[in-house]
Amino acid sequence: MTIEAPSAPSITIAIQPFNDLDAGLLLEVRKGIEKAFGPIDIVVLKPCELPAMAYYPPRGRYRAEKLLQYLDAVRNRAHTKIVGLTSKDISTTKGEHVDWGIFGFANLNSTACVVSTFRLKSGPPSEALFFQRVRRVVNHELGHTFGLLHCDQAGCLMRDAMGSIKTVDDGPGEFCIRCTRHIRQALGRRG
């Protein structure tokens, strides 16, 4: 009698662009996810409007927590994770700051994350640097959804940006060995 090893779970990542996002960026995001996570199913969804319930009028931003709620509600259950992408500014509460502007947001071991390109245009960067920043922040936030905490390893993609674009730009833009092992395990891969 032959016992087959269980196959790795099927992982599908959905990319949910909001209508304000440049469609040309989606290919870059897709390539970045494939490079960081290896062979994985990626689905690009039809662009949709940003939900009005997430808008924060006092600062003209969108609240990241509410965007995650929205993404979780619209996520097809066949999709393991969903990444929302917007060019609008997003924020969360951080310490004494009720409305702290951020690059991206995810909860640990969750299904949804959101990334804004708004603050990634600081500089302004060349197109190549801008694409690199977006890929790095998307993969960082996806890392959180797969259970990765911020990492203290210099150059690791999971370093806390601490609100600094310089941190996003530093290093090779890859997971360190420890974080890579965690991701491989979360994806059901050996080695």
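Just so you know, residue 1 is the first one in the sequence shown, and it goes up from there.
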**Request:** Mind jotting down which residue pairs meet the salt bridge (Lys or Arg N to Asp or Glu O under 4.0 Å) criterion with at least one end in residues 143-165? Sequence neighbours excluded, please.
**Result:** D152-R178

**Item:** Nearest heavy-atom neighbours spanning P125 and S122
**Value:** CD-O, 3.5 Å

**Item:** Between CG on residue L142 and CD1 on residue I15, distance to nearest 0.5 Å
**Value:** 8.5 Å

**ILVMFWY cluster, V44 and V138 together (side-chain gap under 4.5 Å)** = yes

**Request:** Kindly give the heavy-atom pair with the smallest separation between P47 and N19, and that separation in Å.
**Result:** CB-OD1, 3.2 Å

**Message:** Rounded to the nearest 0.5 Å, what separates atom CZ in F175 from atom CZ in R184?
**Reply:** 12.5 Å

**Request:** Output every pair passing salt bridge (Lys or Arg N to Asp or Glu O under 4.0 Å) with a member in residues 102-126, not counting sequence neighbours, ordered by first then second residue.
**Result:** D89-R119

**Request:** Could you tell me which non-hydrogen atom of A78 sits nearest to which non-hydrogen atom of N76, and how far apart they are?
**Result:** N-OD1, 2.7 Å

**Under 3.5 Å: donor-acceptor pair, side chain of K81, backbone of T145** = yes

**Prompt:** Hey, are the side chains of N107 and H144 touching, using non-hydrogen atoms and a 4.5 Å cut-off?
**Reply:** no

**Message:** Checking the side chain of T80 only, and the main-chain atoms of T12 only, is there a donor and an acceptor separated by less than 3.5 Å?
**Reply:** yes

**Item:** ILVMFWY network linking L85 to I40, side-chain heavy atoms under 4.5 angstrom
**Value:** yes

**Prompt:** How many angstroms lie between atom CE of M158 and atom CD1 of I183, to the nearest 0.5 angstrom?
**Reply:** 7.5 Å

**Rounded distance (nearest 0.5 Å) linking atom CZ of F146 with atom CG of L108** = 12.5 Å

**Asked** CD of E141 to CZ of R136: how many Å apart, nearest 0.5 Å?
**Response** 14.5 Å

**Request:** Could you pull out all residues at least two apart from E127 that satisfy salt bridge (charged side-chain N to carboxylate O under 4.0 Å, His left out)?
**Result:** none

**Message:** I'd like to check the salt bridge (charged side-chain N to carboxylate O under 4.0 Å, His left out) partners of E34; sequence neighbours left out, ordered by chain and number.
**Reply:** R30

**Message:** For F37 versus L187, what's the shortest heavy-atom pair and its separation?
**Reply:** O-CD1, 3.5 Å

**Request:** Determine whether F131 and L25 make a side-chain contact, defined as any pair of heavy atoms from C-beta on separated by less than 4.5 Å.
**Result:** yes

**Message:** My understanding is that a hydrophobic cluster links ILVMFWY residues whose side chain heavy atoms are under 4.5 Å apart, including indirect links. Using that, what else belongs to the cluster containing Y62?
**Reply:** F18, V43, L45, L50, M53, Y55, L67, L68, Y70, L71, V74, I82, I90, W100, I102, F105, V114

**Message:** Pair T93, R63 - check side chain to side chain donor-acceptor pair (under 3.5 Å), show working.
**Reply:** CA-CA 9 Å; T93 299; R63 295 295 293 183; 2.9 Å; yes

**Message:** With heavy-atom distances below 4.5 Å as the criterion, would you say the side chains of V134 and V29 are in contact?
**Reply:** yes

**Asked** Minimum heavy-atom separation for S10 to D41, with atom names?
**Response** OG-OD2, 4.1 Å

**Request:** Specify the closest pair of heavy atoms between C156 and C176, including all atoms of both residues, with the distance to one decimal.
**Result:** SG-N, 3.3 Å

**Message:** Quick check: do I165 and F103 have side-chain heavy atoms less than 4.5 Å from each other?
**Reply:** yes

**Fill in**
d(I33 CD1, I13 CD1) to nearest 0.5 Å is 5.0 Å

**Message:** Closer than 3.5 angstrom, by distance alone: can the side chain of R61 be matched with the main-chain N or O of S91 as a donor-acceptor pair?
**Reply:** no

**All salt bridge (charged side-chain N to carboxylate O under 4.0 Å, His left out) counterparts of K31, not counting sequence neighbours** = E28

**Request:** Determine, using the 4.5 Å side-chain heavy-atom cutoff (strictly less than), whether L120 and L26 are members of one ILVMFWY cluster.
**Result:** yes

